[in-house]
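Atoms within each ligand, like the ligands themselves, are counted from 1 in listed order. Residues take their numbers from the sequence shown, with the count starting at 1.
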Amino acid sequence: MTSSPSGHETTQPILSAQGVQRRFGGLTAVDVDDFVVRGGTITALIGPNGAGKSTFFNVLTGFDRADAGAWQLEGREVTGLPAYRLARQGMVRTFQLTRSLADLTLEENVLLAAPGQRGEGIGGALFGRRSWRRQEADNTERAQELLARFGLEQMAGQPAGVLSGGQRKLLEMARALMSEPRLLLLDEPMAGVNPRLVETLLDHIRQVRAEGTTILFVEHDMDVVADISDDVVCMAFGKVLATGTPAEVMRDPEVIDAYLGSDEAGDDDSARLAGKGRQP
Ligand SMILES: Nc1ncnc2c1ncn2[C@@H]1O[C@H](COP(=O)(O)OP(=O)(O)O)[C@@H](O)[C@H]1O
Ligand SMILES: [Mg+2]
C-alpha cells in the first residue's frame, strides 16, 4: 500500500456516491447527487451545523439507511452494506462522540478491531492452535504498536474509562487502524482534543495517508481544513454546495453565504472563511 497525493491513485475514486437521500419525516437531511473521494487523498467534508454531514457519514458507513441512492468502494457496489461488511472491504469509521468501551482496557479495545481470523479454513485445519496463537501474538503486537504510536502505551492495561476526551479520540484512531482500512472516515476527529494535541493528531492523519490509507473527515475548524486537506466538499441543507481544493471551496460565494447565514456555525469559522474568501 503505497499511494500518495501525487501518485497514480489520485485520479481513481476510492469512494463514489450518486443520488443519496435520507429523510427524517418532512426533513431531507441528505440529498447528495454526486460525491467522489479520490484515492490517496485527505478529503474534508465541511458545512454548517445541521448540514447533514454526520447523517451522510452514517448512511455511507452502514450505520443508517438511505431512502435512495447508490455508492461504491473502489468500484465495488457497497450500497446499504452493514458496517461490519464494509469494514471487511476496507472502509472504517470513527464517531463524533467516541464509542470506546469504558470497562475494557485500551489494548482490549484495539484488539476488538483485529481483522478476521487467518487461522480459519484449510490453514487453520493444518496448523490449528499454533497458527491461532501466532496470530493472537501478532495482533497483540500490532495493538501495542498502535497504542505506542498515539502515545497511549503506558495506559495499555488501564480501562478506557479513565481517558480524557482527547485521548479517547486517539484510542478510536488506533482502533480504526487495527483493521488496516483502505478508507478511513473520521467524524470531527479534533473535537474535544486539547489544542496542544491537535498538531500531533494532524501529523498522525498525514502519516496514515502516507501509508496508503485514504481519509475522509468532517471538520469545523477552517484552519485545520486548509492545513491538511487535498480536497474539500462543502455541504449545506443536505446538498453538496462546492467541491475543490481548500482555496477554491473557501472562496466560493455560496460556501461563504452558507457559513455566514448559519446561526449555529461559529462566528470564528464565518470570519475565517470570509477572510480566506477575500484572498486572491
Ligand atoms: N435521527 C434523526 N432524526 C431526526 N432528525 C435528524 C436525525 N439525525 C439528524 N437529523 C437532522 O438532520 C439534519 C442533519 O443533521 P446532521 O447530519 O447531524 O448534521 P451535521 O453533522 O452536518 O451537523 C439536522 O437538521 C438534524 O437535526
Ligand atoms: Mg455532525
Side-chain angles (χ1 to χ4, degrees), residues 15 17-37 42-69 71 79-80 82-83 86 91-100 165-166 168-169 172-173 176 183-193 198 201-202 205 215-226 228-229 231-244 246 249-250 252 254-273:
L15 179 67
Q18 308 85 35
V20 176
Q21 295 187 346
R22 176 64 167 122
R23 287 183 283 273
F24 296 113
L27 172 82
T28 302
V30 173
D31 186 8
V32 171
D33 288 337
D34 191 38
F35 176 80
V36 167
V37 177
I42 296 175
T43 298
L45 186 59
I46 67 167
N49 263 324
K53 306 179 298 292
S54 292
T55 305
F56 189 39
F57 253 49
N58 291 343
V59 166
L60 292 176
T61 54
F63 287 90
D64 192 5
R65 63 173 183 82
D67 292 298
W71 53 101
T79 310
L86 289 168
M91 177 159 134
V92 168
R93 69 164 298 176
T94 66
F95 285 85
Q96 186 170 357
L97 299 170
T98 57
R99 291 192 166 186
S100 48
R168 276 204 288 275
K169 293 274 185 187
E172 271 237 3
M173 284 267 287
L183 175 63
L184 176 61
L185 292 91
L186 308 168
D187 196 355
E188 306 214 6
M190 316 299 162
V193 174
V198 165
L201 194 52
L202 291 181
I205 292 175
I215 292 154
L216 173 65
F217 77 119
V218 171
E219 183 52 53
H220 268 104
D221 188 316
M222 291 308 149
D223 289 335
V224 166
V225 168
I228 200 177
S229 315
D231 293 342
V232 178
V233 177
C234 179
M235 284 179 75
F237 300 110
K239 293 178 180 292
V240 171
L241 272 191
T243 304
V249 170
M250 286 177 187
D252 186 302
E254 276 196 272
V255 172
I256 295 167
D257 276 357
Y259 271 84
L260 291 174
S262 152
D263 303 336
E264 289 165 288
D267 288 343
D268 264 14
D269 284 346
S270 303
R272 279 180 195 149
L273 257 180

Q: Number the atoms of ligand 1 from 1 as they appear, then name those within less than 4.0 Å of a heavy atom of Ala29, with their elements.
A: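 So the answer, numbered in order with elements, is 12 (O), 13 (C).
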
Q: List ligand 1 atoms under 4.0 Å from Asn49, heavy atoms only on the residue side.
A: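 Selected atoms, number and element: 23 (O).
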
Q: Short check: any N/O/S atom of Ser54 below 2.8 Å from the Mg ion (ligand 2)?
A: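 Within the cut-off used here (under 2.8 Å), Ser54 does place an N, O or S atom near the Mg ion (ligand 2).
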
Q: Hey, what do you get for OG1 (Thr43) to CG (Leu216), rounding to the nearest 0.5 Å?
A: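 Thr43 atom OG1 to Leu216 atom CG measures 6.0 Å (nearest 0.5 Å).
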
Q: What's the shortest heavy-atom distance between Gly80 and Trp71, and which atoms?
A: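 Minimum heavy-atom contact is N-CZ2, 3.2 Å.
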
Q: Out of the candidates Val240, Val36, Ile46, only one should pair with Val233 under the side chain to side chain contact (heavy atoms under 4.5 Å, CB included) rule; please name it.
A: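 That would be Val240.
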
Q: Under 3.5 Å between some N or O of ligand 1 and some N or O of Ala51?
A: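 Between Ala51 and ligand 1, an N or O pair is found under 3.5 Å apart.
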
Q: From the options Gly25, Pro48, Gly50, select the one whose nearest heavy atom is closest to atom 20 (P) of ligand 1.
A: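 Shortest heavy-atom distance from atom 20 (P) of ligand 1: Gly50.
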
Q: Under 4.0 Å, heavy-atom basis, I'd like to know which part of Asn58 is in contact with ligand 1: side chain, backbone, both or neither.
A: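 No part of Asn58 is near ligand 1 at this cut-off.
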
Q: Please confirm whether Gly52 approaches ligand 1 to less than 4.0 Å, judged on its heavy atoms.
A: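 Yes, that is the case, since the closest heavy atom of the residue is under 4.0 Å from the ligand.
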
Q: Without swapping roles, check the side chain of Asp67 against the backbone of Arg23 for a donor-acceptor pair under 3.5 Å.
A: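 Yes; at least one donor-acceptor contact below 3.5 Å.
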
Q: Quick one: CG on Asp257 to CG on Leu241, what's the gap to the nearest 0.5 Å?
A: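 If we round to the nearest 0.5 Å, Asp257:CG and Leu241:CG are 9.0 Å apart.
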
Q: Counting N and O atoms only, with roles assigned by atom type, does the side chain of Lys53 sit under 3.5 Å from a partner on the main chain of Pro48, one being a donor and the other an acceptor?
A: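 Pair found, side chain donor or acceptor close to backbone of Pro48.
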
Q: Identify, by atom number and element, the atoms of ligand 1 in contact range of Leu27, meaning under 4.0 Å from any of its heavy atoms.
A: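 Counting from 1, the qualifying ligand atoms are 11 (C), 12 (O), 13 (C), 25 (O).
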
